[in-house]
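Data block below; observations after.
Not measured: the values here are computed from a predicted model. First the proteins, then the strands, lettered A, B, ... as listed; each starts at 1.
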Number of protein chains: 2
Amino acid sequence: MPTPHYGQPRYRTIAGELRSRIEEGAISIGALLPTEGALMAEFKASRGTVRQALAALREDGLVATAPGRGTFVRTAASERDELNEKHRRIRADASLAAAFSIEIGTLLVERERIKRKGGQTEEVIRSYRLVEPDLPPKRETHL
Amino acid sequence: MPTPHYGQPRYRTIAGELRSRIEEGAISIGALLPTEGALMAEFKASRGTVRQALAALREDGLVATAPGRGTFVRTAASERDELNEKHRRIRADASLAAAFSIEIGTLLVERERIKRKGGQTEEVIRSYRLVEPDLPPKRETHL
DNA sequence: AGAAATTTGTCCGTATGTATC
DNA sequence: AGATACATACGGACAAATTTC
């Protein structure tokens with residue numbers, strides 16, 4: 001098969017399948033995922049594609065990989081990563097004002113993410129910033 | 001050339017070189033990096049290797065890539081990402097106590113990262129958690 | 001509007017290096 | 001030392017998004 005990635009790319013499909021197994025407890029926390037070779041056979045995918053899938057899970061913090069050892073499940077099975085994400089507008093307190101070199105009371109955007117794991121909160125992440133785009137705007141549909 | 005990655009992998013070398021150019025202003029903010037094809041020619045590397053290098057820069061938040069368009073520099077050239085990282089022990093206030101379902105005053109680890117960009121603070125990230133490892137411990141040097 | 005060219009995205013197969021078991 | 005498993009690298013091919021003409 002060439003490279004038809006109509007709906008979803010294959011690596012995302014594979015990542016999703018692995019994610020499901022982890023969330024459903026088929027692969028428990030701390031356990032090893034199948035080796036890259038095994039995944040190649042199971043999904044009939046190339047090594048690169050399998051590694052792309054694992055990289056995606058790694059970015060989500062779901063697994064961790066060690067050379068010569070394998071890829072391990074990092075987080076709990078059920079109730080995984082409910083990652084509530086909230087955006088709020090808050091006013092800078094003293095410490096934030098100092099960090100940004102702005103006046104106390106200036107409006108900031110707070111993004112709070114709460115990672116849960118089996119009902120228990122694992123981590124609270126709060127980031128503060130002003131605003132700003134990411135990429136330059138698209139070219140206007142020409143003349 | 002086969003695959004000798006003694007000191008540094010090639011993709012890291014390429015990423016480092018590009019990073020330098022960005023930090024030194026040779027490629028200014030918002031500007032396009034050379035295309036993947038151009039980088040292949042310049043570094044005499046395969047497409048995959050070049051893309052690995054770009055992925056590394058992307059993970060650092062240094063650049064952003066758009067399909068069909070190219071890879072753009074995201075952050076300021078000089079004084080980049082001073083990413084001060086501090087760890088502190090703090091006591092849970094009301095909101096953190098609620099998030100973790102613990103008592104107010106319980107000790108938590110706060111990791112604060114401040115991303116700067118040309119002297120100006122861009123983002124303040126604070127994460128709170130208890131503790132815990134990442135990977136299962138290595139096997140003892142066997143029987 | 002539409003076709004062509006450009007550029008990134010995905011995927012395959014293979015080979016060799018390095019770490020761990 | 002040998003087997004296993006992940007890391008790096010090459011080359012080729014087709015798909016999809018964007019820009020250019």
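Applying the salt bridge (Lys or Arg N to Asp or Glu O under 4.0 Å) criterion to B:E36, with sequence neighbours excluded, gives B:R47, B:R51. Looking at residues two or more places apart in sequence or on another chain, you find a side-chain hydrogen bond (donor to acceptor under 3.5 Å, both in side chains) between A:R58 and A:T65. By the side chain to side chain contact (heavy atoms under 4.5 Å, CB included) test, A:E42 is found to be paired with A:R21, A:L39, residues two or more places apart in sequence or in another chain being considered. With sequence neighbours left out, A:T106 forms a side chain to side chain contact (heavy atoms under 4.5 Å, CB included) with A:I102, A:E103.
Using a 4.5 Å cut-off between side-chain heavy atoms of Ile, Leu, Val, Met, Phe, Trp and Tyr, B:I125 falls into a hydrophobic cluster with A:I125.
When the P atom of C:dC12 is taken as reference, atom NZ of A:K44 falls 12 Å away, rounded to whole Å. Across the protein-nucleic acid pair, B:F43 atom CZ and D:dG11 atom P stand 16 Å apart, rounded to whole Å. As a whole-Å value, the separation of A:F72 CZ from C:dC21 C1' is 11 Å. In this structure, the OH atom of B:Y11 is 16 Å from the C1' atom of D:dC10, given to the nearest Å. Spacing between atom CD of B:Q8 and atom P of D:dT8 amounts to 11 Å, rounded to whole angstrom units. If you take CD of A:Q52 and C1' of D:dA7, they are 15 Å apart, rounded to a whole angstrom. Per the geometry, CZ belonging to B:R12 stands 14 Å off C1' belonging to C:dT18, to the nearest Å.
A close approach under 4.0 Å does occur between a side-chain nitrogen or oxygen of A:R10 and OP1 or OP2 of C:dC12.
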For nucleotides 4-8 of chain C, give me every protein contact, N/O to N/O, under 3.5 Å, one pair per line with atom names.
unit_1: C:dT8; atom_1: OP2; unit_2: B:E36; atom_2: N; d: 2.9
unit_1: C:dT8; atom_1: O4'; unit_2: B:G68; atom_2: N; d: 3.3

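With a 4.5 Å cut-off on side-chain heavy atoms, A:I90 and A:Y128 count as touching.
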